[in-house]
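Read through the structure below, which is laid out as structure tokens, and then see the notes.
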Number of protein chains: 2
Amino acid sequence: MANGVRDQVLEDSRADILRAAAACFMERGYAATSIDDVARRLGATKGRIYHHFHSKTDLFAEVFRMGMDLNYEAVEPFVHREGPALPRWRSMAMAHVMQMILTKPFQRAVWIGVEMHLRGATTPEQRDVFNKLIAYRSDYGRLFRATLLQGRDEGVFDFDDLSITNQLMFMTLNSPIFWYTERPGETRADTEAVAGQVVDYALGGLMGTREAEG
Amino acid sequence: MANGVRDQVLEDSRADILRAAAACFMERGYAATSIDDVARRLGATKGRIYHHFHSKTDLFAEVFRMGMDLNYEAVEPFVHREGPALPRWRSMAMAHVMQMILTKPFQRAVWIGVEMHLRGATTPEQRDVFNKLIAYRSDYGRLFRATLLQGRDEGVFDFDDLSITNQLMFMTLNSPIFWYTERPGETRADTEAVAGQVVDYALGGLMGTREAEG
DNA sequence: TGATGAACATACTACCGGGTATGTTGTCAA
DNA sequence: TTGACAACATACCCGGTAGTATGTTCATCA
């Protein structure tokens, strides 16, 4: 128990690797990122990375998991709030979008992982690792589904196919991972304003077109 | 001029390669797709591909261009229609979404290309090739911007930042390239129903949340 | 009919990247 | 003090891949 400091150093080293890996995966994608790239970014060599992670797949999986952990942590406080759907949905959506912005590299890795799974571009060994990650991610998605359904029952949301709507909503809420870049001198309020626009757009989509005629 | 048949055969062969390449890029991404993969899918060898394309980058660029050509072809007829913004926007959006669905492999390649450009994950030689492709894509984006602004002036659209809204709209309209899969026995009407939901969601986002309170 | 070239296939090279096997160094515990 | 182990670095192997160099076949045309 006297080696609490050692454990902390260990965790710091691991965390540094995860951050560097997330950045690399974001910048070049999974396949185009080499272990040497990650090591170079740290001013280290492959040895350090393979000392902490079994394989490239394992490293990527841990980045993915970290991203999802961050999401859960941010959104979960709002999930079990009683009351009408709309304010709860707004809180969850806002927390989600802020996470997309603030932890972008990890969230991009999550996206890449989902894409790889959808494409089936995984080897048999990767299979079960990925299946667990995707299951994790699906659980997270379910947090929103209940609120979506409640909102439709309450008449505040208006949509046809839940599955498609869920896809569209997440596509909107996730989209900052692709186009958001921090402005120099940007404050928390600025960031929240951007996130607010994203949430409003998503909400508009969920509410439907109403009386509009095209 | 007697070799019209020959030219046709040539174009068919090229087109076959492009289709196979688009499918491979969609399934595995750019980096993870090898020229041998594309050749295997055609029951051919690298020789055939390198006979028609200088490099992997060149092949990818042509797939990208083909995808954008298809989009222009589908949307352009509606762009210059006079009258209010909403019906024109709806026609353009619908045409766009249908293209996303019907030519998904090519559209995924376009997406991949944009991502690669954003990440700057391109070698100097690729630079100018990609810059032209991205410029092509940006022109296409501009087709929608005018209508968005007109719609806001007319009061039918309600959004704050044009740039962000444009991103969100395209993210929505493009999203079927990720989650759409053809159902067995699906008719044209079925497909259009799916596309319609996408367009409606996007329209809701553009119209804003109106009188809703969160 | 023979020559020419398009449209490929085959064979090869050079390099890169995942993974491993083997040092090296500092730290802590007994 | 020493031995053991964590935390790396170094050196190496090997499979895969972009690109090339060189056949081979067949249609067309002079």
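Both backbone and side-chain heavy atoms feed into the values below; hydrogens, waters and symmetry mates do not.
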Q) Under 4.0 Å: is that the gap between some side-chain N or O of A/S13 and OP1 or OP2 of D/dA7? A) no

Q: Round to the nearest Å and state the distance from B/R28 atom CZ to D/dG16 atom C1'.
A: 13 Å

Between N or O atoms, less than 3.5 Å apart, protein on one side and nucleotides 19-23 of chain C on the other: list the pairs.
{"unit_1": "C/dG19", "atom_1": "OP2", "unit_2": "A/Y50", "atom_2": "OH", "d": "3.1"}
{"unit_1": "C/dG19", "atom_1": "OP2", "unit_2": "A/K56", "atom_2": "N", "d": "3.0"}
{"unit_1": "C/dG19", "atom_1": "N7", "unit_2": "A/K46", "atom_2": "NZ", "d": "3.1"}
{"unit_1": "C/dG19", "atom_1": "O6", "unit_2": "A/K46", "atom_2": "NZ", "d": "2.5"}

**Q.** Counterpart residues, salt bridge (Lys or Arg N to Asp or Glu O under 4.0 Å), relative to B/R41 (two or more places apart)
**A.** B/E27

Q. For A/R40, which residues count as a salt bridge (Lys or Arg N to Asp or Glu O under 4.0 Å) partner, sequence neighbours excluded?
A. A/D37

Q | Nucleotide C/dG18, atom P - distance to CZ of A/R40 in whole Å | A | 10 Å

Q: Keeping the roles fixed (side chain from B/D190, backbone from B/T187), state whether a donor-acceptor pair exists under 3.5 Å.
A: yes

Q | Residues which pass side chain to side chain contact (heavy atoms under 4.5 Å, CB included) with A/Q150, listed by chain and number, not counting sequence neighbours | A | A/A85, A/R88, A/E154

(Q) Suppose we screen for salt bridge (Lys or Arg N to Asp or Glu O under 4.0 Å). Which residues come up paired with A/E182, at least two apart in sequence or across chains? (A) none

**Q.** Test salt bridge (Lys or Arg N to Asp or Glu O under 4.0 Å) applied to B/R183 - qualifying residues, sequence neighbours left out
**A.** none

(Q) In this structure, how many angstroms lie between the C1' atom of D/dG19 and the CG atom of B/D58, rounded? (A) 13 Å

Q) What is the distance, rounded to the nearest whole Å, between atom CG of A/L59 and atom C1' of C/dG17? A) 15 Å

Q | Gap between atoms CG and C1', on B/D36 and C/dC12 respectively (whole Å) | A | 13 Å

Q. Under 4.0 Å: is that the gap between some side-chain N or O of B/H52 and OP1 or OP2 of C/dC8?
A. yes

Q) From the list D/dA9, D/dA7, C/dG18, which nucleotide is the closest neighbour of the side chain of A/S34? A) C/dG18

Q. Looking at B/H51, does any N or O in its side chain come under 4.0 Å of the phosphate oxygens OP1/OP2 on C/dA7?
A. yes

